[in-house]
Each structure stands twice: as C-alpha cells, then as structure tokens.
Visitor: 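Below is a structure I'd like to ask you about.
Residue numbers start from 1 in every chain, and the chains themselves are labelled A, B, ... in the order their sequence lines are given, proteins ahead of strands.
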Number of protein chains: 2
Amino acid sequence: MRPTTRDLARAAGVSLATVDRVLNGRPNVSEKAMRQVSEAIERIGFVRNLAAANLARSTTYRLRFILPQAGDQYLAEIMEEIRVVNDALKSEMVSAEIVQMAIEDPYLVASYLAAIDPRRVEGVAIMAPESPQVRDALKRLVERGVHVVNFLSGSQQAPGIEFVGIDNYAAGATAARLVGRFCRKERGSIMVIAETMRAQDSSQRRLGFDDVINRDFPHLSVLPSLETHSDMERTRRIIARTLEYNRDVVGLYVLSSEARAPISCAAEFISLNDIIVIAHERTPFSVEGLKSGAIDAVIAQNPGHAVRSAVRLLRARIDGRSVLKSQDQLRIEILLKDNL
Amino acid sequence: MRPTTRDLARAAGVSLATVDRVLNGRPNVSEKAMRQVSEAIERIGFVRNLAAANLARSTTYRLRFILPQAGDQYLAEIMEEIRVVNDALKSEMVSAEIVQMAIEDPYLVASYLAAIDPRRVEGVAIMAPESPQVRDALKRLVERGVHVVNFLSGSQQAPGIEFVGIDNYAAGATAARLVGRFCRKERGSIMVIAETMRAQDSSQRRLGFDDVINRDFPHLSVLPSLETHSDMERTRRIIARTLEYNRDVVGLYVLSSEARAPISCAAEFISLNDIIVIAHERTPFSVEGLKSGAIDAVIAQNPGHAVRSAVRLLRARIDGRSVLKSQDQLRIEILLKDNL
DNA sequence: AAAAAATTGAGGTACGTACCTCATTAGCAG
DNA sequence: CTGCTAATGAGGTACGTACCTCAATTTTTT
C-alpha cells in the first residue's frame, strides 16, 4: 500500500503532529525535524493524497469568469464551454460562474473587482483589455488572496497573474504564411479588418502578419487595417471604399474573433471564392464558410481547451500546486475544410 | 453548504442506509424508496463528492500503457508524456506504467493481455494494430473488469473499447489539401511513403489523401505507396528508383508517424526545397524540418493530449462516470513554421 | 394465520489528512 | 538553579462517503 502520513511519521522518527507541522508549514518546528521529515518523504516516496486533504479542509473551488457583454458566436461558444465544465466538475467541488459586463469600461470593471469577496470566490478568470485601472484592481485582488488568470486577452505577463491563450503574434504570422502560400496570383494587396486595433490581440496579430508577408512574400502588400467598431453600416462603407480604390485585392484577413459581420459585408462587394479569406476562431459561421469555400482557413484557439486550461490553472493555484505547463500551452489551430 | 448524503436522506424521508443502497445500486430497495431518493436528488441538487467517495472506497487508478518496442522519436515523445502524467497525478492515486513489447506479434500481445490480473490493473491503453487474436484478448480483458482504450491505433469502434486518436481518413485529406494548395506547379506527381500499408492508420490516410487529390486537384497524380519496412537500405533504393522513373515529382507525403528515415533518404536524391513535403507528427526532426523549410507542413496529433485523454477516459470509466466527449476528441493539428 | 422473504433503519468503522487542545520535554537565558 | 519559551507528542474530532452488521418492520407467499 501507499505510505500515509502515519508511515511517514514512523519513518522520520517523529510524531504525526510534527509531520503535520512540516507538511502544512506550521510554526514551531526545529531544523532537525524538518530535515528528518523531508528525508523520509524522499526515502519512502510519500505523496499527499489530495482527495483526502481537500476533504479534510473542505476546499471549494469557486471560480468566476468575467466576460464581455458584447460578442457574437465565439463568446457564445466560450460561455457554453464554461457551463459544460461547471456541470462536469460539480462532483469535484468546482463551480464556475459567468459574469458579463461592459468590459470596455475600465472603471466599471475595476470597481467590480474591488467588490469581490475573497471568502466567497477563490479564483477569477477575466477577459478584459489591458488598462491601468484593471491592472491595479487585479493586483489588489491577488493581494487579497484571490487567484487570477487573464483569459484570452489582457496582458500576457503580469506579475502574479497567469495568461491563458495563444501567442497572437504567432497567430498573425501563421495567417500570413497561409495567405502567402495559398495565393496563386503573382502580385496583389491584402485587406485587413478588425473590430478595433486598440485591442492588444488584434495589434499583435497584425504585427505578426506584416512581418511574415514583408519578409517571405514581398510581392504581396498589406493594406491599412479597417476598424468596424461593431457597426454594420460603417463596415459596409469602409469595405466598399477600400475595394473601390484597390482593384488588386487578392486576400482578406479578419483579425477579430467575430468574423461574421465583416465577411458577410465583404461578400456583398466581392466574390469570396476569388480571393483568399482567413479568419479567426471556430464558430458556426466560420465552419460553414470553410465548407462552402468562402473561407480558406481559420486560425483558432479552442474555446473548450481555453476554459479547461483556465480552470486547471486556478485549481492548481488554489491547491498550491504547480501545473504541467505543456498542457496549458494553448495551440494555434489551423482549420481547413478537411480537419473540422 | 452543499447537501450531503445525510441531507439527502432527510429530504427523501428515508434512512442513510437506504440512500446508500440507491446511490450504489445495492439490492433490496423498493420502487417507492428509489423514486423518493431520485426525486430528492433533483430537488435539493445533490451531487456526490467524488473525493470523499474515492477516499472511502480507496480507489486506485493503476493504468498500463502497452506500446511497441520499435519506434523512433514519436514513440519517445509519447513515453515522456506518460511519465509526466504519472508524476503529476500521483497525488490523485493514478499510476501509469509503460510496457513495451513486440506489438506486431498478435500471439505475444494476446498472451500478455490474458495474463493481466484485474486485481492489480484497473485500466489498459494499448497501441497495437488490429488482429483477431488481440481483439479477442481485449474482449476477454474487458469481461474480467479491466477498462481498455485503443490508443492511437487499432479499431476505432470496437464494442466496449473506446478509441483515442485522430480520424486518419481526415488527416490524409488534410494533407492532400495542403499539398494541393501549396503546390505552384500546374502538373506533377506525388510520392507517398509509409512504413507498411498493412497498418490501418496508414491505409486510412492514403484513402483520404487520394480522395481529395482526385476530386479537388486533378492535375496532380499520386504514385503508389512505397513501403520502407523500417529498412534504411530498402528505403533508399525504392526512393531512388521512384524518382528515376518519375521526373515530375512535385510532392512527398510520408504517411507514418516516424518521418525521419524516409525524409532523410529522399533528401539524398532530391532537393526538398523544390517540392512540397508533408509529414506526420511533431518530433525534433519534423520541427527542425519545418524551421529549415525542408518540410512544408506537419499533420500532428498531440501526444500529450492523447495520453491525457486516454487517462481521463480510463479514470472516468473506473469511476463509472461519463466523459465530456468534446474534450477527448483529438484534433488534427496542422503545424507550419509559425505555429510551433 | 403462520412462515418466509423483502425492505428499512440504526449504528458503527474506515479511508487519509487537517487541525485542534493539552501535556510534556528540551533548550536556553538569567 | 529557576523560569521561560520553543519544540514535540498524544490524542482527539472532522470532512463526506462506502460498506458492514443486526434488529425491526413490512410485504409476500404458503
């Protein structure tokens, strides 16, 4: 059988109480006792039984996902995945609540974060653009003992706050490589559309996209980014104008995670089958586009993986464990019509 | 607080013993009691605390991965991932042992399976080609109460035995789509190399590959599959001969998971930068090839995901739980130099 | 109506760890 | 040496569920 704390105490030549003091970092333990226990742990290969430990201290993992209010299909997918995880992990004392708010308002978000009660919430996953207000509020939240991850957006490396998501520079570079290799025309320009370039993810993607096109596909040129601001009328207008002034458009790259509106608009003015179209995220719309040939490739970060990754990370932090970093490295997926 | 079995008993108006009988499917329970308990479960939202349950019945998850002896880098990656999982899940009573054997010998494998003691092993993940002997041995193993998954190979739908791995037909189709779209030449033929076409995964991939090329890229033609049988000399010889008789080769597709030998051989006779090269699985070799440009794309099934998926599946079966099917759907990953 | 069988309840112990109290001992300063 | 504090041990309870026994009750069969 596996060694228990009792076996460990015997092997270390100390009492159960001392083992407990060492294992849980309680005060009043001599150097010597500490050494004896650590040595015995190695020697007999003791591993704490997490289930029993959590049972004893009746740990709960009450997590909260803070998400935007606005959003189309991709946001819906994410929320669905959160609900699935919430159901599936009930028996392991995990609950994952969703809270939606006007995430673009830093003051609102910061005040919400300030009001979180550490006795009622152990972990927070937040999908918010970076801003000084939010950054500070998160820092204070961490200080109050709540674990936090930046979820698919925000800073990739804030101190004490982990990031779950893909490398957006690399995602843009991948999109560029696909455009370049798929494109059969010798010359031409590529239209780029985003919701707003103020979001870090979009600007990172654009950077990666430009770098690869300029370096490896110099015969192609990239047009200035068009910003839709989620406004259909505006979107239609700027696309029409861009196509009018650029007769040599051979590709379309949609930076944002919600591609439905911009691609639908573009389809009104140009035949998507004649140009290379690359979008982000798997949604009912993008899947349909891949199948029909309107979209040539989709760069995706799996929302299910992302959600589970965030939950795993927060759970590990709450347990004071470290995590398998490899598992939580989100992959940049490339979807074609054949590998849906 | 969360309702416990005690609360459930009170809510159902029965004793704790009866609740236990219902929850654990023990005999001697009246229809009525059963109904009362089920109804109360719904009403108060009772969810069994898995940690406590497993503690009480002192469940262990002793898993065994049965792998081939032969194999190059991909097999090494898989074994490394198994070791990582083994370490990481020690505290959750999971152990994952690796056993290697001459997996191509159905009689050997079958006799090994027959000798497995159900009291010492709860689950088995096996990476073996399908054969009547192995199929029967697995069936008997399941009957003896051991849970089994086919791991990255074998039948995709045997009764009572789950499959963890990608859809190989779709993987081949994806490879074909990439070759077709990457290829700038108007006409040409594609060389296909496998270790052996008797393995189901290879033949499935070939099928998918042919279907897409024939349907969507009729200007390309696919040469008959070359079989290396893991023999370097033979590999070199057949590649040389094929290239000699087919001056119009524009692409190379390596079906097997270990691409190092065939691609190295091919490089001796043709400049890989001039043709489209597609391989399977992420290995140090294939990553290097992507970076250098020798390989244009890699179709991969993430070994870490595969291992964890198999472990999750087996654990769930041992607990008598159902699993989130979406999570264990292995993705067909496409790797370019930018999204490694 | 009696006997047999099925159902139910009461009460206990166990799993491995956390955390508490209290008594005792060791070590050290004055 | 005394007094004080730090260190240690002994022993307990708790967490929520599983699983056991045995007696009491109800239902079914004869």
Visitor: When you measure from the side-chain N and O atoms of B:Asn28 to the phosphate of C:dT7, is any distance below 4.0 Å, counting only OP1 and OP2?
Guide: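 Indeed, a polar side-chain atom of B:Asn28 lies that close.
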Visitor: Under 4.0 Å between any heavy atoms, over every strand shown, what does A:Ala51 touch: base, sugar-phosphate, or nothing? Just pick one.
Guide: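 It contacts nothing in the nucleic acid.
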Visitor: From the set C:dG16, D:dT17, C:dT8, return the single nucleotide nearest to any side-chain atom of B:Leu55.
Guide: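 Side chain of B:Leu55 sits closest to C:dG16.
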Visitor: Does anything in residues 11-24 of chain A come within less than 4.0 Å of DNA chain C? Heavy atoms only, and list the residues if so.
Guide: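 Those residues whose heavy atoms fall under 4.0 Å from DNA chain C, taken from residues 11-24 of chain A in numerical order, are A:Asp20, A:Asn24.
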Visitor: With a 6.0 Å cut-off (strictly less than), is the heavy-atom count around CZ of A:Arg321, excluding the residue itself, greater than 12?
Guide: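 More than 12 within 6.0 Å, yes.
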Visitor: Roughly, in whole Å, what's the span from CD1 in A:Ile44 to P in C:dG16?
Guide: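 Value for this atom pair: 13 Å.
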Visitor: Would you mind reading off the distance between A:Lys32 atom NZ and D:dA6 atom P, rounded to a whole angstrom?
Guide: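 In whole Å, D:dA6 P and A:Lys32 NZ are 19 Å from each other.
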Visitor: Roughly how far apart are A:Asp319 CG and A:Arg48 CZ, rounded to 0.5 Å?
Guide: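 Interatomic distance, A:Asp319 CG to A:Arg48 CZ, rounded to 0.5 Å: 9.5 Å.
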Visitor: Between C1' on C:dC15 and CG on A:Asn54, what's the gap in Å once rounded to a whole number?
Guide: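 So the two atoms are 15 Å apart, to the nearest Å.
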Visitor: How many whole angstroms separate atom CD of A:Gln36 from atom P of D:dA7?
Guide: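 Spelled out: CD on A:Gln36 to P on D:dA7 is 14 Å.
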Visitor: Can you check the B:Arg10 CZ to C:dA10 C1' distance for me, whole Å?
Guide: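 It is 16 Å, rounded to the nearest whole Å.
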Visitor: B:Asn150 and side chain to side chain contact (heavy atoms under 4.5 Å, CB included): which single residue from B:Leu138, B:Val134, B:Val124 fits?
Guide: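 The option that passes is B:Leu138.
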Visitor: Examine the side chains of B:Tyr61 and B:Glu122 and answer whether a donor and an acceptor come within less than 3.5 Å of each other.
Guide: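 Their side chains do not contain a donor-acceptor pair, so the 3.5 Å distance test is not met.
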Visitor: Going from CG on B:Leu16 to CG on B:Asp7, what distance comes out if it is rounded to the nearest 0.5 angstrom?
Guide: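 One finds 10.0 Å between CG of B:Leu16 and CG of B:Asp7.
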Visitor: Does B:Arg26 have a side-chain nitrogen or oxygen under 4.0 Å from the phosphate oxygens OP1 or OP2 of D:dC19?
Guide: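 For B:Arg26, the contact criterion (side-chain N or O under 4.0 Å from OP1 or OP2 of D:dC19) is met.
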Visitor: Under 4.0 Å, counting only non-hydrogen atoms across every strand here, what does A:Thr4 touch: a base, just sugar-phosphate, or nothing?
Guide: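 Sugar-phosphate, backbone atoms only, no base.
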Visitor: Measure from CG on A:Asn49 to C1' on D:dC15 and round the result to the nearest Å.
Guide: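 Distance check: A:Asn49 CG to D:dC15 C1' gives 13 Å.
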Visitor: Just checking B:Glu143: does its CD atom have more than 12 heavy atoms from other residues, nucleotides or ligands closer to it than 6.0 angstrom?
Guide: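 Correct, the count exceeds 12.
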Visitor: What's the CZ-C1' distance between A:Arg57 and D:dA14, to the nearest Å?
Guide: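 The distance from CZ of A:Arg57 to C1' of D:dA14 comes to 14 Å, rounded to the nearest Å.
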Visitor: For A:Ile41 and C:dT17, give me the distance from atom CD1 to atom P, rounded to whole Å.
Guide: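 Nearest whole value for this atom pair: 11 Å.
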Visitor: Does D:dA6 have its OP1 or OP2 closer than 4.0 Å to a side-chain nitrogen or oxygen of A:Ser30?
Guide: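 Looking at the OP1 and OP2 atoms of D:dA6, neither is under 4.0 Å from any side-chain N or O of A:Ser30.
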Visitor: With a 4.0 Å cutoff (strictly under), does any side-chain N or O of B:Arg48 reach OP1 or OP2 of D:dA18?
Guide: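 Yes, B:Arg48 has a side-chain N/O under 4.0 Å of OP1/OP2 on D:dA18.
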Visitor: Do other residues, nucleotides or ligands put more than 12 heavy atoms under 6.0 Å from A:Met79 CE?
Guide: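 Counting other residues, nucleotides and ligands, CE of A:Met79 exceeds 12 neighbours.
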